[in-house]
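All heavy atoms count here, side chains included; hydrogens, waters and symmetry mates do not. Here the structure is a predicted model, which is why all the values come from computation and not from measurement.
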Amino acid sequence: MNAGETPEQAKQPALRVFDAWAIQKLVTDRLALVSAERAFKAIARGRVTVPPPLGAHFEDVNGEVHVKGAYLHGSPVFVFKIATGFYGNVQFGVPTGSGMVLVFDAETGFPRCILADSGYLTDLRTAAAGALAARYLAPDRPLRVAVVGSGVQAHLQLRLIASVRPLEEIRIWSRSQASRDRCAAAVGNQLVVPTKTAESVGEAVANADLIVTVTPSRSPLIQAGHIAAGTTMICVGSDGPAKQEVAAEVIADADKVVTDLTSQCVTLGELHHAVKGGYMGIDAVYGELGQIVDGQLPGRESDDEIIICDLTGVGAQDAAIAEVAYRALTSPRAEAEQ
């Protein structure tokens, strides 16, 4: 016990803070995929406690904040994550996303550490979910991929999808020509896959096997007629009730609608707009991604199915990847290097 400490204070573990550099060094794409699979299986098996997410929008600066958390049953920790997206930051030349993750002891409730990741873990776990969806739902052939959006998440989605499925071609569209040109150059160089930009959403998605939407749009970008038979679409951007990337009738017309968490998607995601607009009922949802990953439901069953996966981001993902980060950062080897 240090001088001045009470016995009670001495029993409480010191709160540690880990910076983004240390986290990025240790939490790899492979670990992110492992953590995502664990999270979705836990959801499917009812082995997770996930409170409803909290969000707020700051209209004056086009900013938003999300608070999500979960406890994976049997884990030594539970987690709450704060993630921000301030899209006006582009004009200042700074990242649009930031945040931190709080890790707590699941037995005592004491905080164990702050992962000051600047949004890295949120970005990576989101991309890992997209990669899992592609693994189980996309056609079984080298994929022609269209990405609607050109920010950090566009790059990460392509990188992690490429780690689980072969890619034949990539097409990228976003409202900013400069941004989509930068994204295409970076992705093409890293993945060594033919990559080009498109002048319109329709041009980008034409004949695509896999479409990934990663924008903060508040009006539909994907319209009826954009989706061909056999296409898989992974919707990532709509994580709030005002966001919408896909026309509601497109969701309702899919052969299979898959969610990350149906109870959340019906209030936040693309599913929200389809149900609220009366285009479909919640009973028309095929199932959740975790049920497919866990083998409870089949994924793609025919070459001509249109499958849409609505990913709003679940606290279980944050808990799983934060635990991976915490274990890696506090391992004997990591401790010795710090």
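- A donor-acceptor pair is defined here as one N or O able to donate and one able to accept, closer than 3.5 Å; such a pair exists between the side chain of Arg171 and the backbone of Ala206.
- Using a 4.5 Å heavy-atom threshold, the side chains of Leu268 and Pro53 count as touching.
- A donor-acceptor distance shorter than 3.5 angstrom exists from the side chain of Asp260 to the backbone of Gly313, with no hydrogens or angles considered.
- Shown here for Leu297 and Gly287, the closest heavy-atom pair between the two residues is CD1-CA, 3.9 Å.
- Judged by distance alone, with hydrogens and angles left aside, the side-chain atoms of Asp310 form a donor-acceptor pair with the main-chain N or O of Leu271 at under 3.5 Å.
- Looking at heavy atoms from C-beta onward, Glu288 lies out of side-chain contact with Phe40 at the 4.5 angstrom threshold.
- Within the 3.5 Å criterion, the main-chain N or O of Lys243 finds a donor-acceptor partner in the side chain of His273.
- Note that CD1 of Ile308 and OG1 of Thr259 are 12.5 Å apart. Values are rounded to the nearest 0.5 Å.
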Apply side-chain contact (heavy atoms from CB on, under 4.5 Å) to Leu72 and Arg47, showing your working.
-> CA-CA 6 Å; Leu72 301 181; Arg47 295 285 299 162; over 6 Å; no
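- Side chain of Thr231 to main chain of Ala228: a donor-acceptor pair is present (N/O by atom type, distance under 3.5 Å, no hydrogens or angles).
- In this structure, Tyr71 has its ring center no closer than 6.0 Å to that of Phe104.
- In Arg30, the CZ atom is not crowded: 12 or fewer heavy atoms of neighbouring residues, nucleotides or ligands sit closer than 6.0 Å.
- Met100 contributes atom CE, which lies 11.5 Å from atom OG1 of Thr122 (distance to the nearest 0.5 angstrom).
- Residues Val34 and Val324 form no side-chain contact, since every pair of their non-hydrogen atoms from C-beta on lies 4.5 Å or further apart.
- Residues Leu121 and Lys81 are not in side-chain contact: their nearest non-hydrogen atoms beyond the backbone lie 4.5 Å or more apart.
- Between the side chain of Asp294 and the main chain of Gln296, no donor-acceptor pair closer than 3.5 Å is present.
- Minimum interatomic distance between Glu64 and Phe86 (heavy atoms only, all atoms of both residues): O-CE1, 3.6 Å.
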Chi angles and distances behind the side-chain contact (heavy atoms from CB on, under 4.5 Å) call for Thr330, Phe18 | CA-CA 10 Å; Thr330 58; Phe18 297 98; 4.0 Å; yes
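- Pro220 is not listed as a side-chain neighbour of Val246, based on a closest heavy-atom distance of 4.5 Å or more.
- More than 12 heavy atoms of other residues, nucleotides or ligands lie within 6.0 Å of CG in Asp304, so this atom counts as buried by the packing criterion.
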Residues Arg175, Leu221; criterion side-chain contact (heavy atoms from CB on, under 4.5 Å); working and verdict = CA-CA 11 Å; Arg175 288 188 173 94; Leu221 300 170; 3.5 Å; yes
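- Checked by atom type and distance alone, the side chain of Glu245 pairs as donor or acceptor with a backbone atom of Thr215 at under 3.5 Å.
- Criterion: ILVMFWY side-chain heavy atoms under 4.5 Å apart, direct or through other members. Under it, Val214 and Ile211 are not part of a common hydrophobic cluster.
- The heavy-atom pair separating Ser150 from Ile172 by the smallest distance is CB-CG2, 4.2 Å.
- Between Leu156 and Thr126, the closest side-chain pair of non-hydrogen atoms is not below 4.5 Å.
- Cluster annotation: Ile292 and Val212 are assigned to the same hydrophobic cluster (Ile/Leu/Val/Met/Phe/Trp/Tyr, side-chain heavy-atom contacts under 4.5 Å, transitive).
- Side-chain atoms of Gln317 come within 3.5 Å of backbone atoms of Val314 as a donor-acceptor pair (strictly under, hydrogens ignored).
- Counting non-hydrogen atoms of other residues, nucleotides and ligands closer than 6.0 Å to CD of Glu301 gives a total above 12.
- Nearest heavy-atom pair, Leu124 versus Thr28, reported as atom, atom and distance to 0.1 Å: CD2-O, 3.9 Å.
- Side chains of Thr197 and Asp181 form a contact here, defined as non-hydrogen atoms less than 4.5 Å apart.
- Note that the CD atom of Gln244 and the NE2 atom of His272 stand 8.5 Å from one another [nearest 0.5 Å].
- Rounding to the nearest 0.5 angstrom, the gap separating the CD atom in Glu323 from the CG atom in Leu31 is 12.0 Å.
- Side-chain contact between Met233 and His226: absent, with no pair of heavy atoms (C-beta onward) separated by less than 4.5 Å.
- Closest heavy-atom contact between Ala247 and Gln223: CB-OE1, 3.7 Å.
- Between atom CG of residue Leu137 and atom CG of residue Leu289 there is a gap of 6.5 Å, rounded to the nearest 0.5 Å.
- The closest donor-acceptor contact from the side chain of Asp255 to the backbone of Ile307 lies at 3.5 Å or more, if one exists at all.
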Before giving the answer on side-chain contact (heavy atoms from CB on, under 4.5 Å), spell out for Val201 and Ile222 the whole-Å C-alpha distance, their side-chain angles and the decisive distance to 0.1 Å.
-> CA-CA 7 Å; Val201 173; Ile222 304 293; 3.7 Å; yes
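- Under the 4.5 Å side-chain contact rule for hydrophobic residues, Leu143 and Trp173 do not share a cluster.
- Distance alone, capped at 3.5 Å, places no donor-acceptor pair between the Gln264 side chain and the Gly269 backbone.
- Taking hydrophobic clusters as Ile, Leu, Val, Met, Phe, Trp and Tyr residues chained together by side-chain heavy-atom distances below 4.5 Å, Tyr286 shares a cluster with Ile43.
- With values rounded to the nearest 0.5 angstrom, Thr232 atom OG1 is found 9.5 Å from Ile306 atom CD1.
- By the criterion of side-chain heavy atoms lying less than 4.5 angstrom apart, applied directly or through intervening Ile, Leu, Val, Met, Phe, Trp or Tyr residues, Val236 is not grouped with Tyr87; the two fall into different hydrophobic clusters.
- Contact record, Ala134 with Arg165: O-NH1, 3.0 Å, taken as the closest heavy-atom pair.
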